[in-house]
Amino acid sequence: MRPKTIVLLILTVLLTIILMKNTEEVTFWVFGNYNISKLAILAIFFLIGVIVGLLLGRPRRKKDQHPSSYTVNSDSPILTPAPTSISQEDEEYLRND
């Protein structure tokens, strides 16, 4: 088994043990007093933490890749990317990145 799978399995077992040991009822205040089991409170806050972690940990979107400089041809009013000094092979490698 991969180390990531083992760590995930251990965390799942620990979470299950913690949740099962906290089943008594407590008074919880959210815009009023409510009697809720600790199990429900811990599970809800764990899920909120997982969701926030996933949202914050996701990869960022890449911006559109435009050339940093342009040249103007006297023949047409259209802007064209400035010529670069790198090879075609390097350009393809950078585009695939």
Side-chain angles (χ1 to χ4, degrees):
M1 288 190 349
R2 295 182 353 194
K4 183 177 179 180
T5 307
I6 294 170
V7 169
L8 207 76
L9 187 63
I10 291 170
L11 287 175
T12 304
V13 169
L14 288 175
L15 177 69
T16 304
I17 291 170
I18 290 170
L19 290 177
M20 292 302 125
K21 289 288 186 178
N22 291 294
T23 57
E24 62 267 2
E25 199 170 273
V26 294
T27 302
F28 190 71
W29 185 91
V30 176
F31 303 112
N33 289 330
Y34 299 100
N35 290 329
I36 303 174
S37 73
K38 266 191 203 177
L39 174 67
I41 293 172
L42 288 171
I44 289 169
F45 279 100
F46 176 76
L47 289 175
I48 290 171
V50 167
I51 292 169
V52 169
L54 289 174
L55 290 175
L56 293 177
R58 69 180 178 195
R60 298 183 189 262
R61 295 180 186 167
K62 290 186 178 181
K63 294 182 180 180
D64 292 335
Q65 295 179 351
H66 295 290
S68 58
S69 62
Y70 290 90
T71 59
V72 179
N73 283 342
S74 58
D75 300 338
S76 68
I78 298 174
L79 293 175
T80 57
T84 59
S85 61
I86 61 174
S87 69
Q88 185 68 24
E89 181 181 321
D90 290 340
E91 285 182 20
E92 288 178 22
Y93 176 77
L94 291 174
R95 246 185 249 122
N96 292 333
D97 189 30

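This is a predicted model, so every value here is computed, not measured.
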If I take atom CD1 from residue Ile44 and atom CG from residue Leu39, how far apart are they, to the nearest 0.5 angstrom? 9.5 Å
Can you tell me how far CG of Leu42 sits from CG of Leu47, rounded to the nearest 0.5 angstrom? 11.0 Å
Hphob cluster co-occupancy, Leu54 + Leu15, side-chain heavy atoms under 4.5 angstrom: yes
Look at the side-chain heavy atoms of Ile, Leu, Val, Met, Phe, Trp and Tyr, link any pair under 4.5 Å apart, and say whether Leu11 and Ile18 land in one connected group. no
If we check side chain to side chain contact (heavy atoms under 4.5 Å, CB included) with Ile10, which of these qualifies: Val13, Ile6, Leu8? Ile6
If hydrophobic clusters are built from ILVMFWY residues whose side chains come within less than 4.5 Å, do Leu9 and Ile17 share one? no
To the closest 0.5 Å, what do you measure between CE (Met20) and OG1 (Thr16)? 6.5 Å
Considering residues at least two apart in sequence or located in another chain, which fulfil the side-chain hydrogen bond (donor to acceptor under 3.5 Å, both in side chains) criterion with Glu89? none
Nearest non-hydrogen partners of Tyr34 and Phe31, listed with the distance: OH-O, 3.9 Å
Pairing residues for Thr27 by the side-chain hydrogen bond (donor to acceptor under 3.5 Å, both in side chains) criterion, not counting sequence neighbours: Asn35
